[in-house]
Amino acid sequence: MTIIEARGLRRDYFAPKRSPFEKSRLQTALAPTDLDVAEGTSLGIIGESGSGKSTLIRLLLGLDRQTDGTVRVTGRTVDATASARSLHWLRQATGLVFQDPYASLDPRMTTEQIIGEPLWALDIDGDRSARITEVLDQVGLEPSMAARYPHELSGGQRQRIALARAIVHRPRILVGDEPLSALDVTVRAQILELLAELRRTSDLTLLIVSHDIGVVQNLCDEVIVMKDGLIVERGTTKKVLLDPQHEYTKRLLAAIPVIPGR
Ligand SMILES: Nc1ncnc2c1ncn2[C@@H]1O[C@H](COP(=O)(O)OP(=O)(O)O)[C@@H](O)[C@H]1O
Ligand SMILES: [Mg+2]
């Protein structure tokens with residue numbers, strides 16, 4: 001079953017003016033794009049900075065409004081202009097982890113409040129506190145962490161919390177926009193293992209933006225390669241990494257170290 005479907009999805013932005021006399025220029029961040037993601041699969045998104053990866057993800061999640069085209073998630077049309085309440089179904093279906101775990105966590109909230117927030121915001125019934133304890137355990141954090149504030153935690157612990165928050169409401173789709181990029185090497189390996197574990201033990205659909213080929217190699221069945229707002233290549237991870245067809249992909253891969261094996 002197709003869980004994410006984009007058709008002719010496009011996003012233009014007004015580029016910042018370089019002088020007050022310059023005319024506003026429209027810049028295409030995402031050229032008309034079609035994308036299908038099958039439920040339970042894992043898709044990696046790679047491409048140089050500014051190639052439109054985050055724009056694509058924001059549009060798929062209804063966090064930004066497209067210039068043109070349509071998005072359907074779990075068969076329903078995403079309308080980014082709809083009220084927060086009428087987008088509950090989309091928030092329920094998706095979880096999102098950003099690059100910077102510090103910026104994405106509210107410093108005035110405890111771990112427990114941060115992780116539990118989607119349960120309250122989405123009106124999810126059941127024993128919320130038991131669910132929070134369960135998710136804490138799932139991401140490898142002690143129950144005592146529940147009372148801590150973000151500034152009392154390490155970068156790795158904060159990213160575990162961001163991940164717990166992204167899965168607490170049992171979304172069908174988990175999206176990570178460079179979720180490991182701000183972490184140091186050891187912590188990155190731990191969070192990567194955690195994501196791999198999540199994938200093994202659930203039928204989550206995973207969308208991961210990363211410039212780290214190791215991440216894509218370990219987590220993704222398929223990869224799309226983006227350049228200047230276009231998907232220039234798509235294929236199984238093995239095929240794209242070992243036998244890239246597009247010149248740009250070849251250059252991109254040559255510029256990043258590829259972890260051998262696995
Ligand atoms: N809110 C915005 N306003 C204006 N331009 C933007 C905005 N967001 C992204 N862009 C532009 O769109 C292009 C794609 O950006 P982005 O999707 O963030 O790329 P990536 O995530 O691949 O680094 C870039 O040229 C960027 O400057
Ligand atoms: Mg980005």
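The structure displayed is predicted, hence computed values, not measured ones. Ligands are counted one by one from 1 in listed order, and the atoms in each one are counted from 1 as well.
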- request: Using only heavy-atom distances, determine whether the side chains of His169 and Gln92 contain a donor-acceptor pair under 3.5 Å.
  value: no

query: What residues sit with at least one heavy atom under 4.0 Å from ligand 1?
result: Tyr13, Gln27, Ala29, Glu48, Ser49, Gly50, Ser51, Gly52, Lys53, Ser54, Thr55, Arg58

task: Provide the tally of protein N/O/S atoms nearer than 2.8 Å to the Mg ion (ligand 2).
output: 1

- request: Identify which one of Leu43, Val240, Val223 satisfies the side-chain contact (heavy atoms from CB on, under 4.5 Å) criterion when paired with Arg234.
  value: Leu43

- request: Classify the angle between the aromatic ring planes of Tyr149 and His151 as parallel (below 30°), tilted (30 to 60°) or perpendicular (above 60°).
  value: parallel

message: Could you check whether Arg200 pairs with Glu193 (Lys NZ or Arg NE/NH1/NH2 to Asp/Glu carboxylate O, under 4.0 Å)?
response: yes

- prompt: Can a donor-acceptor pair be found between the side chains of Arg108 and Gln113 at a distance below 3.5 Å?
  reply: no

query: Looking at Asp221 and Arg199, does any basic side-chain N land under 4.0 Å from a carboxylate oxygen?
result: yes

- prompt: Pairs in or reaching into residues 78-91: which pass side chain to side chain donor-acceptor pair (under 3.5 Å), with residues at least two apart or in two chains?
  reply: Asp79-Thr81, Ser83-Ser86

- prompt: Are side-chain N/O atoms of Asp228 and Tyr248 paired as donor and acceptor at under 3.5 Å?
  reply: no

May I have the list of side-chain donor-acceptor pairs in residues 117-124 shorter than 3.5 Å, sequence neighbours left out?
unit_1	atom_1	unit_2	atom_2	d
Glu117	OE1	Arg165	NH2	2.1

